[in-house]
Amino acid sequence: MKDVVAGIDIGGTNIIFGLVDKSGNVIAEDRLKTVEYPEIKDYISAQDTVLSRMLDENPDCRLTGLGVGAPNANYHKGTIELAPNLAWKGIVPLGAYLNEKIKVPVSVTNDANAAAMGEMIFGSAKGMKNFIVLTLGTGLGSGIVINGELVYGHTGFAGELGHTIIVHDGRECGCGRRGCSETYASASGLVRTVLNLLSERKENSSLRDIPPAELTSKRIVEEVQKGDKIAHEALNYTAEMLGLGIINAVTFSSPEAVFLFGGLVKAGELLLGPVRDYVDKNVMPIFRGSVKILPSGISESNAAVLGAAALAWNEQKK
């Protein structure tokens, strides 16, 4: 009999989950549509049904735990709290509901913390005790590991580097404040920078041929590769703002490495090179040369499941 855990990633559109062994092999994977379960108890029943079927199809596997990555998740309480992109409003005791139905230990954290745990257990942070994972998507998520432990803080919500303010009275953020890091150093932040530059400048740019609603970070990076000046300037500005956030994080946590994850990281050295240069030039001298800035070592295709599964495996070590 092989012990496995279920890694579950809950997003606004999809719930992706899989059975994962101790080596990080995804034995089986499936998904549910989040919007089809506006009532939390209906989702719990559906999750139980699909997991039972997956285990029946893999009779040599024994389920020993569940790990869940979800927006606004509180590790201390096993709850999802006031998640704006989910139909489940208020404070949802997700961990308790899953444990009651599926009868195995359940651990819940936010998706960026799950990514950090996945990097530590299955990715490039193996053996590291101090590192940060930044997820560059629509927003900027972060998971911080210090002395081998994820940072949760007093409330369970610590480590929101995407909502540290880096520009006073800057861009409006979805959290209701202004100047948060994620409004500059993210895929959507890059798009906002391009739109600002296009409105302020008159020089030619192939980006002007793209309707604003169709402008994506992927398209912008493609134009950087073709030599578009505005695209290049926007990506460099994004790299500087990301570097500024990293400098601040290095000052309080002194990580061995910062891992970057998400679609924007596909820009490769076009992004990573300027970020490293900015950090090296502007970090406090005592930290210079002490931190590596690297792409994540986990494949994007199964990162969500592996991150959540790593949380469950880590809990079993305690």
Side-chain angles (χ1 to χ4, degrees), residues 9 11 69-76 81 83-85 108-121 123-125 128-167 173-175 177 179-190 238-265 271-272 275-276 278-279 283 287 291-298 300 303-304 306-308 310-311 314:
D9 178 73
N72 287 44
N74 188 319
Y75 171 79
H76 293 326
E81 302 187 14
N85 62 336
V108 179
T109 192
N110 73 39
D111 44 6
N113 282 339
M117 188 61 70
E119 201 72 53
M120 182 163 64
I121 303 297
S124 296
M128 291 187 185
K129 297 292 187 182
N130 298 277
F131 67 92
I132 295 171
V133 171
L134 298 177
T135 59
L136 309 177
T138 303
L140 174 62
S142 57
I144 302 169
V145 174
I146 296 178
N147 296 334
E149 296 288 339
L150 269 164
V151 173
Y152 291 110
H154 173 63
T155 62
F157 293 112
E160 290 284 358
L161 296 181
H163 293 287
T164 53
I165 294 174
I166 58 174
V167 177
C173 182
C175 75
R177 302 182 304 158
C180 289
S181 182
E182 74 170 35
T183 66
Y184 298 90
S186 64
S188 60
L190 173 60
T238 302
E240 286 188 5
M241 299 306 270
L242 178 57
L244 176 58
I246 290 173
I247 286 168
N248 290 334
V250 167
T251 303
F252 77 77
S253 67
S254 186
E256 179 179 346
V258 176
F259 295 96
L260 305 182
F261 177 81
L264 189 54
V265 185
L271 176 72
L272 292 171
V275 170
R276 292 190 188 107
Y278 186 86
V279 170
V283 76
F287 296 116
V291 57
K292 299 183 284 287
I293 299 172
L294 303 167
S296 170
I298 293 184
E300 193 169 354
L306 284 179
L311 177 69
N314 191 64

_Pairs where residues 241-258 contributes a residue and the test salt bridge (Lys or Arg N to Asp or Glu O under 4.0 Å) is met, not counting sequence neighbours_ = Glu256-Lys292
*Atom CG in Leu264, atom CG in Leu242: separation rounded to 0.5 Å?*
8.0 Å
*Under the side chain to side chain contact (heavy atoms under 4.5 Å, CB included) rule, collect the residues that match up with Ala187, sequence neighbours excluded.*
Ser217
*For Ser296, what residues pass the side-chain hydrogen bond (donor to acceptor under 3.5 Å, both in side chains) criterion, not counting sequence neighbours?*
Glu119
*asked:* Ignoring hydrogens, what is the shortest heavy-atom contact between Ala249 and Pro255? Give both atom names and the distance.
replied: O-CD, 4.4 Å
*Close side-chain approach of Pro84 and Asn72, heavy atoms under 4.5 Å*: yes
*Please name all residues satisfying side chain to side chain contact (heavy atoms under 4.5 Å, CB included) with Glu182, sequence neighbours left out, ordered by chain then number.*
Leu140, His163, Cys173
*Sequence neighbours excluded, which residues qualify as side-chain hydrogen bond (donor to acceptor under 3.5 Å, both in side chains) partners of Asn74?*
Glu81
*Which pairs with one or both residues in residues 140-159 pass salt bridge (Lys or Arg N to Asp or Glu O under 4.0 Å), sequence neighbours excluded?*
none
Would you list the atom pairs, donor with acceptor, under 3.5 Å between side chains in residues 150-157 and any protein atom, with sequence neighbours excluded?
| residue | atom | partner | partner atom | Å |
| --- | --- | --- | --- | --- |
| Thr155 | OG1 | Phe157 | N | 3.2 |

*Can you name the residues that form a side chain to side chain contact (heavy atoms under 4.5 Å, CB included) with Asp9, not counting sequence neighbours?*
Asp111, Ala304
*Ile166 versus Tyr184: any side-chain heavy-atom pair under 4.5 Å?*
yes
_Residue list, side chain to side chain contact (heavy atoms under 4.5 Å, CB included) with Ser186, at least two apart or on another chain_ = Ser188
*Would you name the heavy atoms of Asn147 and Asn130 that are closest together and state the gap between them?*
N-OD1, 2.9 Å
_Tyr278: side-chain hydrogen bond (donor to acceptor under 3.5 Å, both in side chains) partners, not counting sequence neighbours_ = none
*Roughly how far apart are Ile132 CD1 and Leu260 CG, rounded to 0.5 Å?*
10.5 Å
